Enquirer: 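Have a look at this one before I ask anything.
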Amino acid sequence: MSVRTRFAPSPTGFLHIGGARTALYNWLFAKKNGGQFILRAEDTDAERSTEASLDVILDGLRWLGLEWDEGPGKDGPHGPYYQSQRTDIYDAYLAKLEAAGLTYEDEGAIRFRVPDKDITVNDLICGDVTVNLKETRSIGFDPETKTTLERNPDLVIKRPNGGYIFHFVNVVDDIEMKISHVIRGEDHLSNTVLHLALFEAFGEKPPVFAHIPLNLNENGSKMSKRDKGALIHEYIEAGFLPDAVNNYMALLGWSPKDDTEIFTPAELMDRFSMEGVNNGNSKFDYTKCVWVNAEHLKRLSPEDLNSNAAPFLEKAGISADDPRVTGALELARERAELLSEIPGVIDSIFTDDLDYDEPSIEKVQSISGIDDLMAALYRALEGVEDWAVDEIKASIKESAEGRGLKMGAYMLPCRVATMGSMKGPDLVPAMVLIGKEEVLGRVENFAELI
RNA sequence: GACCCGUUCGUCUAGCGGUCUAGGACUCCGCCCUUUCACGGCGGCAACACGGGUUCAAGUCCCGUACGGGUCGCCA
């Protein structure tokens, strides 16, 4: 049997990190086993579902690179992939239940008779979980008043307005779409017995279930969209690499069982397995996610670094086509953790109007004999014939030693003069990128300034 | 409240009865490297929720308790 997994988001207008991780696990599992990953829009609640709210989710998945084999925009043999367009199918399945006498009407709604027996979920991660639906569903709970109340245990599967309910369509679609493995959040574990009852009522063999632990926020409660790092579009804007986000999400609830922490998507696919999935919930750690991103940044090929950084450079007014960009990015990647930090590291290379950092100016001014030193520095740089790293260094060193100083004494003033700040990327390579003429201009400018 | 799932450093985790004076990673703190800031290297702080069993031996198995999470909708 071929492996078919699915991600079935409801179009809420947000791709939540938890949902994204569920999608990732499904995608990894399908790809690893040579199967298909199906995307299905669970838009049965017409009031909340709009095209735009689904697009946000699709865009997020595309950004992460979790392309689906069948789904919205990619037709396959089991479509349509919008539940709102599958009413005929649901009607047919409802008819089966009706024919078997397993349903009845209740105030305009249709209910499914829940069997009065123990049902066991053989979960790949949680093990065997047994529940008697009739018993457990007969007692309801009102969270407002914190009181229990008797209630009808039978499941509503169709609303009086004709709309079908999640549990029903979910099961029907999984049957129709030939889903082999249902990988989803543990919050669905309790519902799974209900789904199993439905599969049985349809006379269908249920898929394999794997309920993955939840991601909690820093406070240990369910992540809401207000928590930092909860929404995928935040990662896009903050300058994360999609592969880094996938990497971090994978690590939240799954372990390769060795000390490896940084993975390319291909490596993740290779290493991923259900055995490695943990059974305890995990708290989301934004700081570590940033670290993972920094690691990915360091490993990116120059071309990929360039293309990923491009939007952030453009936003900062730096043309990604500038021939100096590639070199500048090499200087930036070691000290930026996020793509969004890159322009701040290298923009002084590209600017025509350098800003000087006030504390840095003061620091240079406090150096005794700074005027002479600046003049000497200028001459040293001016004398460099071949404007390259080694030559520049050699010239500075020679000049410094001629004055009985170490090269380091020249470097701070030189840095502030050319880059505007004591902090910044590797200086001499940056100077090479800036160009001799511009550097000399900056040094001269700065000498007058102080 | 009922039912279900879970519990190793602050966080993510390794550990599947002896190799655990519990390993790695993030964070934090030192030191080194160094033209700054970083990177990097080295070192440090820090955990088996608790109580009973089982066993020659338990972080590892069992049972309780506590705590956390989830489900209990004509939301998904």
Side-chain angles (χ1 to χ4, degrees), chain A residues 8-12 42-45 47-49 83 106-111 121 123 125-127 129-133 135-143 146-149 151 153 155-161 163-167 169-170 185-194 211 213-214 216 218 220-222 248 251-262 275 278-292 294 298 331-337 345 360 363 393 396 400 406-416 419 421-428:
Chain A
S10 67
T12 54
E42 302 227 332
D43 56 350
T44 55
D45 188 4
E47 288 169 25
R48 304 207 315 203
S49 304
Q83 290 185 331
D106 179 20
E107 296 181 3
I110 296 178
R111 286 186 186 265
V121 185
D123 194 272
I125 294 159
C126 304
V129 178
T130 302
V131 170
N132 181 311
L133 283 172
E135 276 174 22
T136 55
R137 289 179 58 86
S138 292
I139 305 154
F141 183 66
D142 183 354
K146 297 196 172 183
T147 52
T148 54
L149 53 166
R151 67 176 208 118
L155 173 72
V156 170
I157 54 178
K158 191 177 187 184
R159 306 185 186 99
N161 71 7
Y164 285 98
I165 293 299
F166 160 73
H167 299 103
V169 294
N170 194 271
E186 206 183 84
D187 48 344
H188 283 103
L189 183 58
S190 299
N191 289 149
T192 304
V193 274
L194 203 49
H211 287 88
L214 270 18
L216 275 19
E218 287 167 323
S221 49
K222 207 174 177 179
Y248 181 68
L251 252 21
L252 226 41
W254 168 80
S255 163
K257 303 296 182 190
D258 62 18
D259 294 336
T260 317
E261 294 206 281
I262 304 300
E275 288 73 51
N278 293 112
N279 34 23
N281 294 343
S282 55
K283 288 181 188 167
F284 186 83
D285 184 356
Y286 190 81
T287 308
K288 181 139 186 181
C289 186
V290 170
W291 174 79
V292 171
K298 284 176 204 148
L331 299 178
R333 80 200 305 173
E334 288 289 309
R335 51 208 84 210
E337 294 186 299
V345 176
S360 298
K363 179 87 177 178
K393 279 188 182 174
I396 291 177
K406 281 188 155 182
M407 185 179 164
Y410 272 46
M411 294 309 280
L412 178 74
C414 185
R415 170 177 294 284
V416 178
M419 299 294 284
S421 169
M422 293 187 285
K423 300 183 200 171
D426 212 2
L427 181 57
V428 182

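Everything quoted here is computed from the prediction, not taken from an experiment. Below, read A as the first sequence line, B as the second, and so on, with proteins coming before strands; counting in each chain starts at 1.
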Enquirer: Please name the nucleotide paired to C33(B) by Watson-Crick or G-U wobble geometry with both distances under 3.5 Å, or report none.
Expert: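 Partner of C33(B): none found under 3.5 Å.
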
Enquirer: Categorize G408(A) for me: base, sugar-phosphate, or nothing, with a 4.0 angstrom heavy-atom threshold over every strand shown.
Expert: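 Sugar-phosphate only.
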
Enquirer: Do E42(A) and N170(A) have side chains that get closer than 4.5 Å, going by heavy atoms?
Expert: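 Yes, at least one pair of side-chain atoms sits under 4.5 Å.
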
Enquirer: Of the candidate nucleotides G69(B), A76(B), C4(B), which contains the atom at the shortest distance from the side chain of N191(A)?
Expert: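 The answer is A76(B).
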
Enquirer: Could you tell me how far C62(B) sits from C5(B) if I compare only their P atoms? Round to whole Å.
Expert: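 My reading of the P atoms in C5(B) and C62(B) gives 13 Å.
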
Enquirer: Considering only the P atoms, how many Å lie between G30(B) and G17(B), rounded to the nearest integer?
Expert: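 Roughly 42 Å separates the two P atoms.
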
Enquirer: For P425(A), report the nucleic acid contact type (base, sugar-phosphate, nothing); a contact means any heavy atom under 4.0 Å.
Expert: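 The residue P425(A) makes base contact.
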
Enquirer: Any N or O donor-acceptor pair linking the side chain of R335(A) to the base of C39(B) at under 3.5 Å?
Expert: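 By the distance-only test, no, there is no pair.
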
Enquirer: Which part of the nucleic acid, if any, lies within contact of M407(A), taking any heavy atom under 4.0 Å across all strands shown: a base, the sugar-phosphate backbone alone, or nothing?
Expert: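 M407(A): no heavy atom of the nucleic acid under 4.0 Å.
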
Enquirer: Taking G18(B) as the reference, what is the distance to G59(B) when you measure between their P atoms (whole Å, please)?
Expert: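 Nearest-Å result for G59(B) against G18(B) at atom P: 11 Å.
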
Enquirer: Once you apply the 3.5 Å cut-off to both distances, tell me the Watson-Crick or G-U wobble partner of U19(B), or none.
Expert: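 Looking at the geometry, U19(B) pairs with no nucleotide.
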
Enquirer: What is the distance from CD of E337(A) to P of C39(B), rounded to the nearest Å?
Expert: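 Those two atoms, CD and P, are 7 Å apart.
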
Enquirer: So what does T287(A) touch, heavy atoms closer than 4.0 Å: a base, only the sugar-phosphate, or nothing?
Expert: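 Here T287(A) touches the backbone only, sparing every base.
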
Enquirer: Starting at CG of L155(A) and ending at C1' of C72(B), how long is that distance when rounded to a whole Å?
Expert: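 Those two atoms, CG and C1', are 12 Å apart.
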
Enquirer: Quick one: I139(A) CD1 to C4(B) P, roughly how many Å, whole number?
Expert: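 After rounding, the gap between these two atoms is 12 Å.
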
Enquirer: Kindly point out which of A76(B), U36(B), C74(B) is positioned nearest to the side chain of M422(A)?
Expert: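 That would be U36(B).
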
Enquirer: Heavy-atom distance under 4.5 Å between the side chains of L331(A) and V345(A), does that happen here?
Expert: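 They are not in side-chain contact.
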
Enquirer: Does atom NZ (K363(A)) have a neighbourhood of more than 12 heavy atoms from anything else shown, all under 6.0 Å?
Expert: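 12 or below, so no.
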
Enquirer: Of all residues at least two apart in sequence or in a different chain, which pass the salt bridge (Lys or Arg N to Asp or Glu O under 4.0 Å) check with K298(A)?
Expert: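 Listed in chain order: E295(A).
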
Enquirer: Considering every strand shown, what is the Watson-Crick or G-U wobble mate of G1(B) when both distances are under 3.5 Å?
Expert: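 Because both required distances fall under 3.5 Å, G1(B) counts as paired with C72(B).
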
Enquirer: If the P atom of U71(B) is compared with that of C56(B), how far apart are they to the nearest Å?
Expert: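 Their P atoms lie roughly 45 Å apart.
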
Enquirer: Taking the side chain as everything from C-beta on, heavy atoms only, tell me whether K158(A) gets closer than 4.5 Å to I165(A).
Expert: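 Result no, sub-4.5 Å side-chain heavy-atom pair not found.
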
Enquirer: When you check every protein heavy atom under 4.0 Å of nucleotides 40-50 of chain B, what one-letter string (B, S, -) results, 5' to 3'?
Expert: S----------

Enquirer: With a 3.5 angstrom cut-off on both distances, give the Watson-Crick or G-U wobble partner of C61(B), or none if there isn't one.
Expert: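 In the structure as shown, C61(B) has G53(B) as its Watson-Crick or wobble partner.
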
Enquirer: Provide the distance between the two C1' atoms, one in G24(B) and one in U8(B), to the nearest whole Å.
Expert: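 About 13 Å, rounded to a whole number of Å.
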
Enquirer: Report yes if some heavy atom in the side chain of V129(A) is under 4.5 Å from a heavy atom in the side chain of H211(A); otherwise report no.
Expert: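 No, their side chains stay 4.5 Å or more apart.
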
Enquirer: CZ of R159(A) versus C1' of G73(B): gap in Å, rounded?
Expert: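 Whole-Å distance recorded here is 10 Å.
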
Enquirer: Base, sugar-phosphate, or nothing: which does E135(A) touch, judged by heavy atoms less than 4.0 Å apart?
Expert: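 Here E135(A) touches no strand at all.
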
Enquirer: Contact class for R333(A) (heavy atom, under 4.0 Å): base, sugar-phosphate, or nothing?
Expert: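 The answer is nothing, as R333(A) stays clear of every strand by at least 4.0 Å.
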
Enquirer: Given that both distances must come in under 3.5 Å, which nucleotide forms a Watson-Crick or G-U wobble pair with U11(B)?
Expert: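 Paired with U11(B), as far as the under-3.5 Å criterion goes, is A25(B).
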
Enquirer: Regarding R159(A) and E107(A), does a basic nitrogen lie under 4.0 Å from an acidic carboxylate oxygen?
Expert: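 No.
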
Enquirer: When you compare C33(B) with A14(B), how far apart are their C1' atoms, in angstrom units rounded to a whole number?
Expert: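 The same atom, C1', in both gives a distance of 31 Å.
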
Enquirer: For N132(A) and A2(B), what is the distance between atoms CG and P respectively, to the nearest whole Å?
Expert: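 Taking atom P of A2(B) as the reference, CG of N132(A) is at 17 Å.
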
Enquirer: Taking the side chain of K423(A) as heavy atoms from C-beta outward, which of U35(B), C37(B), A76(B) is closest to it?
Expert: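 The closest nucleotide is C37(B).
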
Enquirer: How does protein reach along nucleotides 6-16 of chain B, written 5' to 3' as B (base within reach of a heavy atom under 4.0 Å), S (only sugar-phosphate), or - (no contact)?
Expert: SS---SBSSS-

Enquirer: Say you draw a straight line from CH2 of W291(A) to CD of E337(A); how long is it, rounded to the nearest 0.5 Å?
Expert: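 Spacing of CH2 (W291(A)) from CD (E337(A)) equals 11.0 Å.
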
Enquirer: Does the S10(A) side chain pair with the main chain of T12(A), one donor and one acceptor, at a distance under 3.5 Å?
Expert: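 Such a contact is absent between S10(A) side chain and T12(A) backbone.
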
Enquirer: Between C289(A) and L412(A), which is nearer to the 5' end of RNA chain B once each is assigned its nearest nucleotide?
Expert: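 Per heavy-atom nearest nucleotide, the more 5' residue is C289(A).
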
Enquirer: Go through it in stages, so that I can follow the logic: the residues are F284(A) and Y248(A), the test is ring pair (Phe, Tyr, Trp, His ring centres under 6.0 Å), and I'd like the CA-CA distance, side-chain angles, deciding distance and then a yes or no.
Expert: CA-CA 10 Å; F284(A) 186 83; Y248(A) 181 68; 5.4 Å; yes

Enquirer: Using the C1' atom on both, measure C9(B) against A25(B) and round to a whole Å.
Expert: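 Rounded to whole Å, the distance is 12 Å.
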
Enquirer: Which residue lies toward the 5' end of RNA chain B, V129(A) or D187(A), if each is placed at its nearest nucleotide?
Expert: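 By nearest-heavy-atom nucleotide position, the 5'-most residue is V129(A).
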
Enquirer: Q83(A) CD to C75(B) P: how many Å, rounded?
Expert: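 In whole Å, C75(B) P lies 14 Å from Q83(A) CD.
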
Enquirer: Nearest to the V428(A) side chain among U35(B), G1(B), G70(B), which nucleotide is it?
Expert: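 Selected nucleotide (nearest to the side chain): U35(B).
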
Enquirer: Once you apply the 3.5 Å cut-off to both distances, tell me the Watson-Crick or G-U wobble partner of G6(B), or none.
Expert: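 Paired with C67(B).
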
Enquirer: Pick base, sugar-phosphate or nothing for H188(A), based on heavy-atom distances below 4.0 Å to the nucleic acid.
Expert: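 If one applies the 4.0 Å heavy-atom cut-off, H188(A) turns out to touch a base.
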
Enquirer: Please give the distance between the C1' atoms of C45(B) and C3(B) as a whole number of Å.
Expert: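 Approximately 42 Å lies between the C1' atom of C45(B) and that of C3(B).
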
Enquirer: If you compare every side-chain N and O of R415(A) against the phosphate oxygens of U34(B) (OP1, OP2), does one of them come in below 4.0 Å?
Expert: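 Result: no.
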
Enquirer: Assign the ring pair H188(A) / F166(A) to parallel, tilted or perpendicular, where the plane angle (0 to 90°) is split at 30° and 60°.
Expert: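 It falls in the tilted class, 30° to 60°.
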
Enquirer: Which residue in the set N132(A), I139(A), V131(A) passes side chain to side chain contact (heavy atoms under 4.5 Å, CB included) when paired with E135(A)?
Expert: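 Testing each of N132(A), I139(A), V131(A) against E135(A), the sole residue satisfying side chain to side chain contact (heavy atoms under 4.5 Å, CB included) is N132(A).
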
Enquirer: So, the side chain of R415(A) versus the backbone of S421(A): is there a donor-acceptor pair under 3.5 Å, distance only?
Expert: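 Flag not set: sc R415(A) to bb S421(A) has no pair under 3.5 Å.
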
Enquirer: Quick one: classify the glycosidic conformation of C4(B) as syn or anti, with syn meaning within 90° of 0.
Expert: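 With its glycosidic angle more than 90° from zero, C4(B) counts as anti.
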
Enquirer: Just how far, in rounded Å, is C1' of C37(B) from NZ of K363(A)?
Expert: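 Atom NZ in K363(A) sits about 13 Å away from atom C1' in C37(B).
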
Enquirer: Provide, to the nearest angstrom, the distance between the CD1 atom belonging to I157(A) and the C1' atom belonging to G73(B).
Expert: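 Value for this atom pair: 15 Å.
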
Enquirer: Quick one: is R137(A) getting a side-chain N or O under 4.0 Å of the G73(B) phosphate, OP1 or OP2?
Expert: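 Checking R137(A) against G73(B): no side-chain N or O falls below 4.0 Å of OP1 or OP2.
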
